[in-house]
Structures are given as C-alpha cells and as structure tokens.
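Numbers restart at 1 for each chain; the letters A, B, ... are given by sequence-line order, proteins then strands.
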Amino acid sequence: KAGVTQTPRYLIKTRGQQVTLSCSPISGHRSVSWYQQTPGQGLQFLFEYFSETQRNKGNFPGRFSGRQFSNSRSEMNVSTLELGDSALYLCASSPSMGNTQYFGPGTRLTVL
Amino acid sequence: QQQVKQSPQSLIVQKGGISIINCAYENTAFDYFPWYQQFPGKGPALLIAIRPDVSEKKEGRFTISFNKSAKQFSLHIMDSQPGDSATYFCAASKTDKLIFGTGTRLQVFP
C-alpha cells in the first residue's frame, strides 16, 4: 500500500497570506490527524478528522482550520500567516479512531 | 497533566551498545504509548508501541519497558547501529490525539 502523501512538500509564503496543505491517507484509512513540528515547541497536535467530522482539536488559534472529504483526503488551511507559523506540518492516518497513526513526509512551510 | 517528559535530550552510543531513552507521563487516562523514529527531512515512523496491560514488548532489537505504577516507559535499542542514528520520540494518547515527548537525538558511532 502506498503511504501517506502530502502536497506540496515545500512552500514559501509571506506574512498575511493564507495557505492550504493537502493530505492523502493510506488507502482504507478513515482517520486523519494533523501535527505541527517546530524546533522550539516540538510536535504538537492540531486536529483530527474521522468520517468528515472534526473529533479532536489542539490548542491552536482559529486561523488554523481543516476539513476532510468523503474519500478521507484532508486539507488544512492557515489564514493570515505569521512568522511563527513556519514549521513542518505533518499528516497522519489510521484505520479508525484509537489506532496506530502513520505519518506522511510533511510539508515544510516557510513564512517570510 | 497532558505533558510527556522525555530524557535524555541527546545520546551518544558506540556501535553494539545499548541505547536507553526514558519517558514519564502524568495522565493516567493514557492507554497507548508508541515510539517513533524520525530521520532528517522525513516524517516520524512508528517503531514499536505498547498498551498498559503489558510490562514489556520486544520487536527485534527494540524493546519497550512499561511501569504503570511509576507512570514511566522506556525504549531500549540493543546492539545499536550507525543506521539507528535519528531522533526518537515517545508519545502517549487516549484518543487519536498523540502527546509527544520532546525527542532524543541518538548518535551511534562505529
């Protein structure tokens, strides 16, 4: 089976812009979670979707949002980008809630 | 109460030696404890995981030891190899929300 794929792999934006990141889970997986990884804060949970519904949300501002489509693919959106949003954004999928999560390679976002 | 504390921050081991990384948690509701390995430029890859109903789980050279009463768990890498050089993260969860430790950078020298 193909692993979790994320697009784009690299992205450069300027402050104030918005960005959309995409994640395709492993075939058959219905749960998708998003994490932010930075050198200072480490790996932090953003949100989790299952069957197109957000089930869990981390402690991030409302500028961070996401959605899941009927084919389980997911997108996350960050509006009004700030310099501190520069990070590796990781998507993870699992067959259903409470199962092992498999991570994609991430999208490296740089905000200038 | 949601934190997972991981130590050491970095670890240098000679080839063939044992690498030991420790984690501690507070929230007794956690019921799933995975370890992930991450190489530069890659996403974390699941190494091994344990649930609190067992005290030890071994897969190849990797062993998790779990102490429920102390709320601690550790990763042991036996016969460490240069290819094991990576950053290792412990994590804990109740639902699909993984709470990660701060990571341990392991360097294995020949």
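- With a threshold of 4.5 angstrom between heavy atoms, A/Leu90 approaches chain B through side-chain atoms but not through N, CA, C or O.
- A single hydrophobic cluster is not seen to contain both A/Leu21 and A/Tyr102; linkage of ILVMFWY side chains at heavy-atom distances under 4.5 Å, directly or through other members, places them apart.
- At a 4.5 Å heavy-atom cutoff, the contact between B/Lys97 and chain A is made by backbone and side-chain atoms alike.
- Environment of NZ in B/Lys15: sparse, with no more than 12 heavy atoms of neighbouring residues, nucleotides or ligands closer than 6.0 Å.
- For A/Phe47, no part lies under 4.5 angstrom from a heavy atom of chain B.
- Annotation: B/Arg105, atom CZ; neighbour count of heavy atoms from other residues, nucleotides and ligands within 6.0 Å does not exceed 12.
- For the set B/Gly41, B/Ala45, B/Gly103, B/Gly43, the count of heavy-atom pairs under 4.5 angstrom toward chain A peaks at B/Gly43.
- Taking the six-membered ring where the residue is Trp, the centroids of A/Phe45 and B/Phe100 are separated by 6.0 Å or more.
- Note on A/Met76 and A/Ile26: separate hydrophobic clusters, where clusters join Ile, Leu, Val, Met, Phe, Trp and Tyr whose side-chain heavy atoms are under 4.5 Å apart, directly or indirectly.
- Rounded to the nearest 0.5 Å, atoms OG1 (B/Thr87) and CG (A/Leu43) are 10.0 Å apart.
- B/Leu75 is connected to B/Phe73 through a chain of hydrophobic side-chain contacts under 4.5 Å among Ile, Leu, Val, Met, Phe, Trp and Tyr, so both are in one cluster.
- No single ILVMFWY cluster, assembled from side-chain heavy atoms under 4.5 Å apart, contains both B/Ile20 and B/Val108.
- Counting heavy atoms from C-beta outward, B/Leu98 and A/Gln101 have side chains that approach closer than 4.5 Å.
- To the nearest 0.5 Å, the span separating CD on B/Gln38 from CG on A/Leu88 amounts to 7.0 Å.
- In this structure the side chain of B/Leu46 never reaches within 4.5 angstrom of the side chain of A/Phe103, judged on heavy atoms.
- Other residues, nucleotides and ligands contribute only 12 or fewer heavy atoms inside 6.0 Å of the CG atom of A/Asn59.
- Contact of B/Pro34 with chain A is not made at all, since no heavy-atom distance falls under 4.5 Å.
- Closest approach of B/Phe89 to A/Gln37, counting heavy atoms only: CZ-NE2, 3.5 Å.
- Hydrophobic clustering places B/Phe30 together with B/Ile21 (ILVMFWY residues linked when any side-chain heavy atoms are closer than 4.5 Å, directly or through intermediates).
- For a residue to count as touching a neighbouring chain, one of its non-hydrogen atoms must lie under 4.5 Å from one of that chain's; by this rule A/Arg9 touches chain B with the side chain only.
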